[in-house]
Structures are given as structure tokens and as C-alpha cells.
Enquirer: 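Take a look at this one; I'll ask things after.
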Amino acid sequence: QVQLVESGGGLVQAGDSLRLSCAASGRTFSSYAMGWFRQAPGKEREFVATINWRSNGTTLYADSVKGRFTISRDNAKNTVFLQMIGLKPEDTAVYYCAARPWVVSTRIGDYEYWGRGTQVTVSS
């Protein structure tokens, strides 16, 4: 069982940066791949980024965030991060972290555990 709690969201201006954190409970955090997803008002939840179980492991990004967002993890602290730079109004959404065993996936249905989300609002 893994419980996830996101933090770090807020209201920023276009071009600003934010770093989201996702704290995980449970002693098996290091055996889970972690993902970030987002859901904008009126839209479906979409993939943002994922990292496999290693702290320096495989990462994947949505094309819309590639080069601007960086996912990382600290297995000693049971935390995954999403560093976001060059934020755009279209990045406005609730951001969720999620966990699945071992390897990365971009598919929502592959993730077993989800946090409740943190709101990111980017004004123009």
C-alpha cells in the first residue's frame, strides 16, 4: 500500500517556475515507478512525466512539457519531484502523482495509487 500526498502548487505568472513534491508513505517506495499527471478544467487527465524505480532511472515526458519539466526522485526521502520552468497558461491544471510497480508507463490505467492532487494556476 502506498499513500501519496502532493504539495507545491500555487498561482504563478507565465514564465515562472514551480517545484511540485509528492511524499509517499510505505516502506516499498523504491520499488515503484512514479508518474505525474494533470487534469485541466473540462479536460481528461493526461500524462505529464514518469520515472522508474531508480533515482537516476528512465524518464519519459509528454511532448508538451519536454524541455521545461523535470521529474526526479529521492528514494531516501520517499519523495518524487516535478520541477517546472517556463510555465504557460496552458499548464494550468490539478497535478496528480501516481505510483505503479517498477517500470514507467504513460498510461493512466497502469497506475495503482494516486494522490489527491495540487492545483497549479498560471496567469498570462
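Residue indices begin at 1 and follow the sequence shown.
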Enquirer: For Gln13, does the CD atom have more than 12 heavy-atom neighbours from other residues, nucleotides or ligands under 6.0 Å away?
Expert: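 For Gln13, atom CD is not crowded (no more than 12 foreign heavy atoms under 6.0 Å).
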Enquirer: Does anything in residues 94-105 form a side-chain hydrogen bond (donor to acceptor under 3.5 Å, both in side chains)? List the pairs, not counting sequence neighbours.
Expert: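 Non-adjacent pairs meeting side-chain hydrogen bond (donor to acceptor under 3.5 Å, both in side chains): Arg38-Tyr95, Ser105-Asp110.
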Enquirer: If the condition is side chain to side chain contact (heavy atoms under 4.5 Å, CB included), which residues does Lys43 pass it with, not counting sequence neighbours?
Expert: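 Lys43: side chain to side chain contact (heavy atoms under 4.5 Å, CB included) contacts with Ala40.
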Enquirer: How about Ser17 and Met84: do any of their side-chain heavy atoms sit closer than 4.5 Å?
Expert: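 Sidechains of Met84 and Ser17: no contact.
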Enquirer: Can you tell me how far the CG atom of Leu4 sits from the OG atom of Ser21, to the nearest 0.5 Å?
Expert: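 Answer for the CG-OG pair, Leu4 versus Ser21, is 12.5 Å.
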Enquirer: Do Phe69 and Val120 belong to the same hydrophobic cluster, where Ile, Leu, Val, Met, Phe, Trp and Tyr are linked whenever their side-chain heavy atoms lie under 4.5 Å apart, directly or via other members?
Expert: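 Yes, because Phe69 and Val120 connect within a single hydrophobic cluster, where side-chain heavy atoms sit under 4.5 Å apart.
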Enquirer: What's the shortest heavy-atom distance between Leu82 and Ala49, and which atoms?
Expert: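 Nearest heavy atoms, Leu82 then Ala49: CD1-CB, 4.2 Å.
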Enquirer: Quick one: salt bridge (charged side-chain N to carboxylate O under 4.0 Å, His left out) pairs with a partner in residues 6-23, sequence neighbours left out?
Expert: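 Sorted result for residues 6-23: empty, none.
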Enquirer: Going by the rule ring pair (Phe, Tyr, Trp, His ring centres under 6.0 Å), which residues pair with Phe47 if we only count those two or more places apart in sequence or in a different chain?
Expert: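 Checked Phe47 against ring pair (Phe, Tyr, Trp, His ring centres under 6.0 Å); matches are Phe37.
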Enquirer: Take Ile51 and Val80 through the test side chain to side chain contact (heavy atoms under 4.5 Å, CB included) and record every step on the way to the result.
Expert: CA-CA 9 Å; Ile51 185 168; Val80 63; 4.2 Å; yes
Enquirer: Any chance you could measure Ser30, atom OG, to Asn78, atom CG, to the nearest 0.5 Å?
Expert: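 With rounding to 0.5 Å, OG (Ser30) is 8.0 Å from CG (Asn78).
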Enquirer: So, taking the atom named CG in Leu87 and the one named CG in Leu18, what distance separates them when rounded to the nearest 0.5 Å?
Expert: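 CG of Leu18 is found 5.5 Å from CG of Leu87.
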Enquirer: Do Tyr111 and Ile108 sit in the same hydrophobic cluster, where Ile, Leu, Val, Met, Phe, Trp and Tyr count as joined when their side-chain heavy atoms come under 4.5 Å apart?
Expert: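 Yes.
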Enquirer: Within the side chain of Thr50, is there an N or O that forms a donor-acceptor pair under 3.5 Å with the backbone of Met34?
Expert: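 Yes, the answer is positive, given that a donor and an acceptor are paired below the 3.5 Å cut-off.
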Enquirer: So how far is it from Phe81 CZ to Cys22 SG, rounded to the nearest 0.5 Å?
Expert: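 Nearest 0.5 Å value for the CZ-SG distance: 10.0 Å.
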Enquirer: List in chain and number order the residues that pass salt bridge (Lys or Arg N to Asp or Glu O under 4.0 Å) with Arg68, two or more places apart in sequence or in another chain; answer none if no residue qualifies.
Expert: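 If we apply the salt bridge (Lys or Arg N to Asp or Glu O under 4.0 Å) test to Arg68, skipping adjacent residues, the hits are Asp91.
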Enquirer: Can you tell me which residue pairs pass the side-chain hydrogen bond (donor to acceptor under 3.5 Å, both in side chains) test with a partner in residues 114-124, sequence neighbours excluded?
Expert: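 Sorted result for residues 114-124: Gln119-Thr121.
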Enquirer: For Val122 versus Thr92, what's the shortest heavy-atom pair and its separation?
Expert: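 Residues Val122 and Thr92, closest heavy atoms: N-OG1, 2.9 Å.
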Enquirer: With rounding to the nearest 0.5 angstrom, report the OG to CG distance, Ser31 to Asn52.
Expert: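 Answer rounded to 0.5 Å: 11.5 Å.
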Enquirer: Please enumerate all residues that pass ring pair (Phe, Tyr, Trp, His ring centres under 6.0 Å) together with Tyr61, with sequence neighbours excluded.
Expert: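 Scan of Tyr61 (ring pair (Phe, Tyr, Trp, His ring centres under 6.0 Å), adjacent residues dropped) gives none.
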Enquirer: Would you compute the distance between atom CZ of Phe29 and atom CH2 of Trp53 and round it to the nearest 0.5 angstrom?
Expert: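 Rounded to the nearest 0.5 Å, the CZ-CH2 separation comes to 12.5 Å.
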